[in-house]
Participant: 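Sharing a structure with you now.
Chain naming here is simple, since letters A, B, ... match the order of the sequence lines and numbering starts at 1 in each.
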Amino acid sequence: MEITQFQNKVFCIVKEIPRGRVLTYKKISILLGNKNWARAVGNALHNNKDQFLIPCYRVVNAKGKLSISYAFGGIDEQKRLLENDGIKVVNYRVDIEKYLM
DNA sequence: GTTGTGACACATT
DNA sequence: AAATGTGCCACAA
């Protein structure tokens, strides 16, 4: 499995998200250097297969909503993982203003 | 090289 | 508020 530089950068950022914090696709895009890369970031995470290596459950969209097409246990599993991190999840949404890294 | 798809975001309807 | 359209990018076929 070959990993492109782009995906590597995405994984690197997501991997560094501390416990109890979340990151939005937009924020990641900006960190990568271009806010228009949000879509590509989603693709990169979807390609990811290492749930334990890449805490992609800490990544939500701009409104704090969880990803519906979560690749692992589903949205419910993602919610549980977030709550396990001490993040309050309401209606599959998190308070990004409060938890954003 | 072109087309279609998608874990996004923003503006408009 | 919800649906729709537009912009953007990376990837697979």
Participant: Whole Å only: how far is the NZ atom of A/K65 from the C1' atom of B/dC10?
Facilitator: 19 Å
Participant: Roughly how many Å is it from CG in A/L31 to C1' in B/dA9, rounded to a whole number?
Facilitator: 16 Å
Participant: Take the protein atom CG of A/L45 and the nucleotide atom C1' of C/dC9, then report the distance between them rounded to whole Å.
Facilitator: 14 Å
Participant: Heavy atoms only, 4.0 Å cut-off, all strands: where does A/N61 land among base, sugar-phosphate and nothing?
Facilitator: sugar-phosphate
Participant: Given side chains that start at C-beta, do those of A/V41 and A/F6 come closer than 4.5 Å, heavy atoms only?
Facilitator: yes
Participant: Given atom CZ of A/F6 and atom C1' of B/dG6, what is their separation to the nearest angstrom?
Facilitator: 13 Å
Participant: Without decimals, in angstroms, what is the distance between A/N8 CG and C/dA10 P?
Facilitator: 15 Å
Participant: Please confirm whether the backbone N or O of A/R93 pairs with a side-chain atom of A/N91, one donor and one acceptor, at under 3.5 Å?
Facilitator: no
Participant: Donor-acceptor pair, distance only, cut-off 3.5 Å: does the side chain of A/R19 make one with the backbone of A/N84?
Facilitator: yes
Participant: Of the options A/K79, A/Q78, A/R80, which is the one that meets A/V89 in a side chain to side chain contact (heavy atoms under 4.5 Å, CB included)?
Facilitator: A/K79
Participant: Check the hydrophobic clustering (I, L, V, M, F, W, Y; side-chain heavy atoms under 4.5 Å; chains of links allowed) and say if A/I30 and A/V60 are grouped together.
Facilitator: no
Participant: Over how many whole Å does the gap from A/N48 atom CG to C/dC11 atom P extend?
Facilitator: 14 Å
Participant: Within the pair A/Q7 and C/dC11, is there a side-chain N or O less than 4.0 Å away from OP1 or OP2?
Facilitator: yes
Participant: If you pin A/K63 and A/N43 to their nearest nucleotides in DNA chain B, which one's is more 5'?
Facilitator: A/N43
Participant: Is the shortest side-chain heavy-atom distance between A/D85 and A/Y99 below 4.5 Å?
Facilitator: no
Participant: What's the NE2-C1' distance between A/H46 and B/dG6, to the nearest Å?
Facilitator: 8 Å
Participant: For A/K27 and A/L23, work out which heavy atoms get closest and say how close.
Facilitator: CG-CD1, 4.1 Å
Participant: Could you give the CD1-to-C1' distance, from A/I28 to C/dC9, as a whole number of Å?
Facilitator: 15 Å
Participant: Classify the side chain of A/Y25 versus the base of B/dA9 as yes if they form a donor-acceptor pair under 3.5 Å and no if they do not.
Facilitator: no
Participant: Could you list by number each residue of residues 83-101 of chain A showing a heavy-atom separation from DNA chain C of less than 4.0 Å, or answer none if no residue does?
Facilitator: none
Participant: For A/T4, report the nucleic acid contact type (base, sugar-phosphate, nothing); a contact means any heavy atom under 4.0 Å.
Facilitator: sugar-phosphate
Participant: So which protein N/O to nucleotides 5-8 of chain C N/O distances come out below 3.5 Å?
Facilitator:
unit_1 : atom_1 : unit_2 : atom_2 : d
C/dG7  : O6     : A/R39  : NH1    : 2.4
C/dG7  : O6     : A/R39  : NH2    : 3.0
C/dG7  : N1     : A/R39  : NH1    : 3.2
C/dC8  : N3     : A/R39  : NH1    : 2.5
C/dC8  : N4     : A/R39  : NH1    : 2.7

Participant: Can you check whether A/V10 reaches A/I54 side chain to side chain, under 4.5 Å on heavy atoms?
Facilitator: no
Participant: If we only count heavy atoms from C-beta on, is the A/N36 to A/S29 side-chain gap below 4.5 Å?
Facilitator: no
